[in-house]
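Atoms within a ligand are numbered from 1 in the order they appear, just like the ligands themselves. Throughout, numbering of the chain's residues begins at 1 and tracks the sequence. Note that the structure is predicted; figures quoted are calculated from it, not measured.
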Amino acid sequence: MRAVIPAAGIGTRLKPHTYSLPKVLLNVGGKPILGHIIEKLLVEKINKATFVTGYLGEKIVEYVHKEFPSLKADFVEQEEALGLGHAIQVAIPTFDDDEIFIILGDTIFDVDLKKVFLNKNSSLGVKMVDDPSRFGVAVCENEKIIKLIEKPKETISKLALVGLYYITNANLLKESLNDLFNKKIKTRGEYQLTDALQIMIDKGERLTTFQVEGWYDCGKPETLLSTNQFLLTKCGTNRRVENVVINDPVFISENAIIKNSVIGPFTTISENCEITDSIIRNSIVSSGAKIEKAMLENSIIGSNAIVKSNFRKLNTGDSSEIEFN
Ligand code: UTP
């Protein structure tokens, strides 16, 4: 089986972090989003993967080669991000198996893949959501998907596609993607994977769904921070530092230098950070950042950024009321 990981997007919603780093390489829970995904694939013995790159793609190539030398990695370039359907179409020349597992490069999931791969037919990861209007949705009869609709205007189903697609008939997917392009079928201006999968259904292919309860999106600052929270509860570190109060769960890199501070809960401190006289909670501090005399909450601090604040000097009378905003 081959994994296909679309990672060509610009990550607009995560600017300014994505000015210098592709979204999939942003640090969450102590390592890049892509690192979490690849580790999961390797556990399942999926050791062939196609990365669809575009924006800052050379950084993805460098990261994968450096951190995962045992992975047989192919890289294809999507010159313009014309949609997920287009991203997968660009990857077609690397398809060499009937089974492919497509996983969005900005999605961390917690699902029993062994069970998913027991399916004899193609199966798509779904989750019940309150507002399905920003997702592709599946309408099912019994187990079978009868219709897929990208970003429905009316709530026809609350079963959202969450970015995991197990395909057992790669040839038919190829054919359907080619149809999508030949007929120029676009939804909201993009070539959608959902529309290509609908073509597969129209051609008679049986598609089913599997439930993904643990689905952690990394597309926006708020979701990146909540995914960080989830990952830290699973794989935080136990590092203790003299004169530093650590409120678990946290990830603290072995070579981060921290003095006189309170770290956590839910805080990632990456390699080579220097933190002094600060309180940091529910935040991600990227590599090489320096923070001094600062109180930070719900923050994402970029690599090598410098944040300096100061202690206040007060000389108040009795019964004064002072509030700093
Ligand atoms: P998103 O649409 O969420 O990612 O696509 P984005 O475009 O990078 O983010 P925003 O909307 O600008 O903030 C989900 C995943 O699919 C990939 C993205 O890289 C991301 O990993 N993708 C999307 C592609 O590779 N190509 C595309 O044409 C679209």
Task: Heteroatom proximity flag, A8 to ligand 1, N/O under 3.5 Å - done: yes
Open item on the list: Tell me the closest heavy-atom pair linking P265 and D248, and the distance in Å.
Closed with: CB-O, 3.6 Å
Open item on the list: Can you tell whether the side chains of D179 and K203 come within less than 4.0 Å, N to carboxylate O?
Closed with: yes
Open item on the list: Using the ring centroid of each side chain, check whether F117 and Y166 are separated by less than 6.0 Å.
Closed with: yes
Task: Pair D277 + K293: basic N to acidic O under 4.0 Å - done: no
Open item on the list: Could you identify the single nearest non-hydrogen protein atom to atom 8 (O) of ligand 1 and state the distance to 0.1 Å?
Closed with: G11 N, 2.9 Å
- [ ] Identify, for atom 5 (O) of ligand 1, the protein heavy atom at the shortest distance, and state residue, atom and that distance.
- [x] D106 OD2, 4.4 Å
- [ ] Quick one: look at L14 and ligand 1, take heavy-atom pairs under 4.0 Å, and tell me if it's side chain, backbone, both or neither.
- [x] neither
Task: salt bridge (charged side-chain N to carboxylate O under 4.0 Å, His left out) involving D74 - partner list, sequence neighbours excluded - done: R2, K72
Open item on the list: Can you check which of K220, Q78, K23 brings a heavy atom nearest to atom 26 (N) of ligand 1?
Closed with: Q78
TODO: Would you check the N or O atoms of A87, main chain and side chain alike, for any that come under 3.5 Å of an N or O of ligand 1?
DONE: no
Task: G105, G83, G9, A7: member with heavy atom nearest to atom 28 (O) of ligand 1 - done: G83
Open item on the list: Is there a path of hydrophobic side-chain contacts, each under 4.5 Å between heavy atoms, that joins L82 and I102?
Closed with: yes
Open item on the list: For ligand 1, which is the ligand I care about here, please tell me if P6 has any N or O atom under 3.5 Å from one of the ligand's N or O atoms.
Closed with: yes
- [ ] Report the part of I10 (side chain from C-beta onward, or backbone N, CA, C, O) that has a heavy atom under 4.0 Å from ligand 1; answer both or neither where that applies.
- [x] backbone
Open item on the list: Evaluate V52 for polar contact with ligand 1, using N/O atom pairs at a separation under 3.5 Å.
Closed with: no
TODO: Using a strict cut-off of less than 4.0 Å between a Lys/Arg side-chain nitrogen and an Asp/Glu carboxylate oxygen, indicate whether D110 and K234 qualify as a salt bridge.
DONE: yes
Open item on the list: What protein heavy atom lies closest to atom 23 (C) of ligand 1? Include the residue and the distance to one decimal.
Closed with: L84 CD1, 4.2 Å
- [ ] Return the option from I102, T12, L104 holding the heavy atom at the smallest distance from atom 10 (P) of ligand 1.
- [x] T12
Open item on the list: Check for me whether the distance between the ring centres of F75 and H65 falls short of 6.0 Å.
Closed with: yes
Open item on the list: Give me the nearest non-hydrogen protein atom to atom 2 (O) of ligand 1 as residue plus atom name, then the distance to 0.1 Å.
Closed with: R13 NH2, 4.4 Å
Open item on the list: Please check this pair: side chain of S261 against backbone of K259, looking for a donor-acceptor N/O pair closer than 3.5 Å.
Closed with: yes
Open item on the list: Test your reading of the structure: does V24 have an N or O sitting under 3.5 Å from an N or O of ligand 1?
Closed with: no
